Chemist: 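A single structure is presented below for examination.
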There are 2 protein chains.
Amino acid sequence: MNTQHFSTKERILGAAEQLFATHGFAGASLRQVTAAANVNLAAVNYHFGSKENLINEVFRRRLDDLNAHRIEELDKAAARTDSDLEDLLSAFIRPALDLSLDRTGGGAFIRVLARAFAEHNDALRKFLSDNYGHVMKRFHAAFAQRLPNLDKEELYWRLDIIAGALTYAMADFGVIKRKTGVTEQTHRERAVEHLIRFAAAGLRAP
Amino acid sequence: MNTQHFSTKERILGAAEQLFATHGFAGASLRQVTAAANVNLAAVNYHFGSKENLINEVFRRRLDDLNAHRIEELDKAAARTDSDLEDLLSAFIRPALDLSLDRTGGGAFIRVLARAFAEHNDALRKFLSDNYGHVMKRFHAAFAQRLPNLDKEELYWRLDIIAGALTYAMADFGVIKRKTGVTEQTHRERAVEHLIRFAAAGLRAP
DNA sequence: TCGTAGGTAAAACGAGCGTTTGAATGCTAC
DNA sequence: GTAGCATTCAAACGCTCGTTTTACCTACGA
């Protein structure tokens with residue numbers, strides 16, 4: 001993580017992601033971050049202006065990719081005529097799984113994202129809604145097409161529940177512990193399979 | 001909240017709950033807490049010993065009640081011969097709803113609980129598992145009886161997903177905004193109805 | 001070769017942190 | 001009424017926080 005061929009900005013972002021995931025935004029200090037990144041303390045304010053803005057950049061770095069992949073997968077699923085509910089769910093869920101398994105710290109990012117929900121920060125919510133609201137709209141439309149008998153508002157509720165369960169599962173909040181002999185990757189993939197099966201049945205509920 | 005007929009300890013616990021929910025454990029200072037509680041700064045260390053211990057007491061105050069109510073409701077549902085899956089889910093979910101609507105700050109506590117999951121604190125997880133693990137066991141047994149064809153491990157996964165979705169819904173993490181003219185109470189009750197319907201279908205999935 | 005701009009460095013700023021201290025206060029039992 | 005105890009209070013402790021300042025390095029175009 002601290003290897004020298006990453007730029008100062010990249011090393012700060014990586015270290016901040018890890019430490020925000022572990023200790024929270026208030027709990028991780030810039031002195032911890034810069035020490036972990038092996039850069040000078042003043043580098044954060046030089047490159048990012050403030051701690052607040054560093055937090056925003058930690059989000060931007062990952063979310064653009066995540067939601068682009070979701071749209072990409074959704075388009076693929078929509079193109080095929082034989083795609084079902086599980087395929088749509090997979091388009092939404094698997095990119096998050098891939099990110100959580102990314103070896104450059106994506107797993108930490110999912111935990112950061114979960115913290116962001118807990119922060120209940122209005123500015124951040126607006127940022128998420130403004131930048132990624134269209135993704136939710138696209139998925140809603142796709143699901144609505146497959147579930148023509150489901151009330152629109154009811155569908156919104158159910159998608160919200162799925163997003164919550166996904167965040168919870170990917171951030172490893174749950175009580176189910178990984179068994180010895182099962183890799184982290186396998187554990188997460190199983191969680192996704194269970195989640196998709198569960199969510200598909202929930203969506204099909206009358 | 002600051003009315004004088006509450007004891008100093010009670011006023012500190014109430015103010016701490018609110019501020020931990022809003023700003024997190026690290027983000028809320030004892031100066032903020034004692035100011036909101038209208039007590040002297042030194043009162044926290046006098047009555048609770050440390051900030052760390054104050055956090056523990058905030059949990060203990062609510063969780064004993066919550067899980068006692070869950071067991072109570074579960075026993076009631078189990079006693080009736082015509083009880084179904086939805087009744088069991090209700091026994092698990094409604095006490096959390098009631099707590100979230102409690103006018104003495106229970107709503108804030110649910111958000112504190114969600115933060116605790118995000119903290120990923122091993123000591124806290126052990127505390128929760130030690131003190132309330134038997135509740136999950138009771139519910140697992142009850143669900144297993146109603147779903148004899150469902151694999152035991154599969155059931156654990158699904159209950160974990162439901163707990164995640166519940167935490168997410170009750171802590172108001174979701175993107176669904178309360179419409180004007182709908183009270184907070186009504187909004188939460190609708191969330192619970194949706195959640196129970198969704199979860200019941202998910203549990204019945206093959 | 002020199003001037004300049006981009007980046008890094010160490011040190012310090014004022015503010016706020018959790019905690020401790022010791023004196024003042026209120027209450028109860030004698 | 002007063003001794004003894006629990007509680008409250010103002011003040012201060014040492015420390016860490018995010019941020020700013022100022023000096024220094026280094027590379028590159030003129």
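All of these numbers come straight from a predicted model, not from anything done at the bench. Proteins get letters first, then strands, A, B, ... in listed order; numbering begins at 1 in each.
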Chemist: Measure CZ/B:R31 against P/D:dA10 and give the value in whole Å, please.
Modeler: 13 Å
Chemist: B:L41 has a side chain; which of D:dA12, D:dA10, D:dT19 sits nearest to it?
Modeler: D:dA12
Chemist: For the residue pair A:Y156 and A:H140, does the interplanar ring angle fall in the parallel (under 30°), tilted (30 to 60°) or perpendicular (over 60°) class?
Modeler: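 It falls in the parallel class, under 30°.
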Chemist: How many whole angstroms separate atom CG of A:L19 from atom P of D:dG18?
Modeler: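 These atoms are roughly 12 Å apart.
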Chemist: Between A:I55 (CD1) and D:dT19 (C1'), how many Å, whole number?
Modeler: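 It works out to 15 Å between those atoms.
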Chemist: Give B:A43 one of three labels, base, sugar-phosphate or nothing, depending on what nucleic acid heavy atoms sit under 4.0 Å from its own.
Modeler: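 If one applies the 4.0 Å heavy-atom cut-off, B:A43 turns out to touch nothing in the nucleic acid.
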Chemist: How many Å lie between OH on A:Y46 and C1' on D:dC25, as a whole number?
Modeler: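 The distance from OH of A:Y46 to C1' of D:dC25 comes to 13 Å, rounded to the nearest Å.
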Chemist: Under the side chain to side chain contact (heavy atoms under 4.5 Å, CB included) rule, what do A:V192 and A:E189 come out as? Steps first, then yes or no, please.
Modeler: CA-CA 5 Å; A:V192 163; A:E189 277 173 1; 5.6 Å; no
Chemist: Would you say the side chains of A:Y46 and A:N40 form a donor-acceptor pair under 3.5 Å?
Modeler: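 No donor-acceptor contact under 3.5 Å links the two side chains.
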Chemist: Please give me the minimum heavy-atom distance between A:L203 and B:F198, naming the atom from each residue.
Modeler: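 Closest approach of A:L203 to B:F198: N-CE1, 3.8 Å.
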Chemist: Between A:L30 (CG) and D:dT20 (P), how many Å, whole number?
Modeler: 12 Å
Chemist: Mind checking which nucleotides bracket the chain A contacts on DNA chain C, 5' to 3', with an atom under 4.0 Å from a heavy atom?
Modeler: C:dG6 to C:dA12
Chemist: Between B:F139 and B:F92, how do the two ring planes meet: parallel, tilted or perpendicular, split at 30° and 60°?
Modeler: perpendicular
Chemist: How about A:S100 and A:R111: does a side-chain donor come under 3.5 Å of a side-chain acceptor?
Modeler: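 Side-chain D/A pair, A:S100 to A:R111: absent.
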Chemist: May I ask you to decide if A:A21's main-chain N or O and A:R115's side chain share a donor-acceptor pair within less than 3.5 Å?
Modeler: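 Judged by distance alone, yes, a pair lies under 3.5 Å.
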Chemist: Report the distance from atom CG of B:N40 to atom P of D:dT8, rounded to the nearest whole Å.
Modeler: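 For the pair B:N40 CG and D:dT8 P, the rounded distance is 9 Å.
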Chemist: Nearest whole angstrom, please: distance from the P of D:dG18 to the CG of A:L54.
Modeler: 10 Å
Chemist: So, is B:T8 close to the D:dT7 phosphate, meaning a side-chain N or O under 4.0 Å from OP1 or OP2?
Modeler: no
Chemist: Send over the distance from A:F25 CZ to D:dG18 C1', rounded to a whole Å.
Modeler: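 Distance, rounded to whole Å: 17 Å.
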